[in-house]
Amino acid sequence: MPELPEVEVTRRALADALVGCAVEGAQVRTAALRYPLPRDLAPRLRGAHLAGIARRGKYLLFDFGDDRRLLAHLGMSGRLRLVPPGTPPQKHDHVDIDFGPWRLRYTDPRRFGALLWVDGPPEAHPLLAPLGLEPLGTGFDAVAMGLTLRGRRSAIKPAIMDARRVVGIGNIYACEALHRAGIAPSWPAGELDAARIAALVDAIRATLNEAIAAGGSTLRDYAQPDGTLGRFALRHRVYDRAGAPCPVCGTAIAHFRQLGRSTYYCPRCQR
DNA sequence: CTGGTCACCTGGAAGC
DNA sequence: TGCTTCCAGGTGACCA
């Protein structure tokens with residue numbers, strides 16, 4: 001499900017509803033997702049006020065003060081929803097955290113997601129420390145992108161999906177941003193000239209910002225915390241559009257498998 | 001460092 | 001209708 005735009009839309013909605021609210025209780029019903037789930041949520045969180053929610057790449061960091069931070073990742077099928085207190089859990093509803101007006105519910109059929117306590121400074125956490133450029137952050141520009149791509153022999157699409165270089169870009173937005181930049185997915189990452197790197201940086205930022213403004217991309221199970229569906233999938237230029245016309249030139253969108261992932265591109269616009 | 005494969009897990013869609 | 005196969009928004013381990 002979720003790439004950076006979906007995670008950011010989730011973050012904003014949860015922050016609007018929950019920051020400042022106190023935790024009244026919590027239930028953990030499942031032993032493990034990708035990692036074992038914390039079993040002491042209720043005793044550690046009861047009475048704590050949510051101070052803020054930060055995002056790093058596709059991770060969300062819930063700050064409950066007093067060095068109590070929860071790190072969440074939605075994997076492929078994870079969702080964080082706001083439901084009315086007392087809403088009974090259904091299949092795949094693994095964790096609830098009860099705030100006064102809302103119950104925050106973590107649902108994840110495939111269980112590739114994660115929920116972990118972070119001890120110590122978040123930037124030193126083993127899952128966060130290796131992460132690369134934040135594409136909506138101030139340090140994301142053509143110079144930084146050029147440095148991280150320099151000498152890369154891999155193709156550009158897997159390079160921008162590699163969280164050690166740039167965070168938050170998954171399969172959908174990699175395809176979309178490369179189309180917007182006019183770059184073929186198989187082009188060697190280290191052989192882009194400065195102008196094309198600058199175009200790629202602009203395309204990534206613009207694509208992610210437009211997707212956030214549209215509430216993310218709903219393909220199957222993603223929805224915003226209040227259930228609203230994301231509208232960006234309607235605006236996908238290439239993703240999941242094999243054979244359909246390129247919105248720029250009308251050429252049929254091509255599809256191939258690149259490192260195990262479905263890749264969509266316009267053979268005419270992208271070189 | 002590379003690409004390639006597989007694994008984690010469930011469910012939906014497509015094919016027969 | 002029912003069974004089988006393939007595919008999916010992520011990540012990381014392993015191998016040649």
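Basis for what follows: all heavy atoms, side chains included, without hydrogens, waters or symmetry-related copies. All chains are named by letter (A, B, ...) in the order of the sequence lines, taking the proteins before the strands, and each is independently numbered beginning at 1.
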Residue set satisfying salt bridge (charged side-chain N to carboxylate O under 4.0 Å, His left out) with A/E191, at least two apart, ordered chain then number -> none
Open item on the list: Roughly how many Å apart are B/dC9 and C/dC3, using the P atom of each and rounding to a whole number?
Closed with: 24 Å
Apart from A/Y265 itself, its cluster of hydrophobic side chains linked below 4.5 Å comprises A/F256
Item to check | Whole-angstrom distance between B/dT10 and C/dT1, as gauged at atom P | outcome: 26 Å
From the list A/T107, A/D108, A/T30, side-chain hydrogen bond (donor to acceptor under 3.5 Å, both in side chains) partner of A/H94 resolves to A/T30
In the 5' to 3' direction, the nucleotides of DNA chain B bounding the stretch that comes under 4.0 Å of a heavy atom in chain A are B/dC1 to B/dG11
Hits for salt bridge (charged side-chain N to carboxylate O under 4.0 Å, His left out) against A/R235, two or more places apart or cross-chain, chain-then-number order -> A/E210
Residue pairs meeting ring pair (Phe, Tyr, Trp, His ring centres under 6.0 Å), one or both in residues 47-73 of chain A, sequence neighbours left out, come to A/Y59-A/H73
Residues passing the salt bridge (charged side-chain N to carboxylate O under 4.0 Å, His left out) test with A/R103, sequence neighbours excluded, are A/D96, A/D98
For B/dT5 versus C/dC6, give the span between their P atoms, rounded off to a whole number of Å.
14 Å
ring-ring contact (aromatic ring centres under 6.0 Å, His included) filter on A/Y239, not counting sequence neighbours, yields A/H236, A/Y264
A/R55 meets the side-chain hydrogen bond (donor to acceptor under 3.5 Å, both in side chains) criterion, sequence neighbours left out, with A/E8, A/E134
When rounded to whole Å, the CD1 to C1' distance for the pair A/I172 and C/dG10 reads 12 Å
5'-most contact on DNA chain B (nearest-nucleotide basis), A/G260 vs A/R165, goes to A/R165
Residues at least two apart in sequence or cross-chain that pass salt bridge (charged side-chain N to carboxylate O under 4.0 Å, His left out) with A/D66, listed by chain then number, are A/R68
Practice task
Give a yes or no on whether A/R153 atom CZ has more than 12 heavy-atom contacts from other residues, nucleotides or ligands under 6.0 Å away.
Solution key: no
note: A/D162, atom CG; C/dG10, atom P; distance rounded to Å ~ 13 Å
Pairing string of DNA chain C (Watson-Crick or G-U wobble, both atom distances under 3.5 Å; | = paired to other strand) is .|||||||.|||||||
For residues 196-204 of chain A, run the donor-acceptor check on the side chains, cut-off 3.5 Å, and write out each pair with its distance to 0.1 Å, sequence neighbours left out.
unit_1, atom_1, unit_2, atom_2, d
A/R196, NH2, A/G182, O, 3.2
A/R196, NH2, A/R271, O, 2.5

Given protein heavy atoms under 4.0 Å, the one-letter contact record of nucleotides 11-16 of chain C, with B base, S sugar-phosphate only and - none, is simply BS----
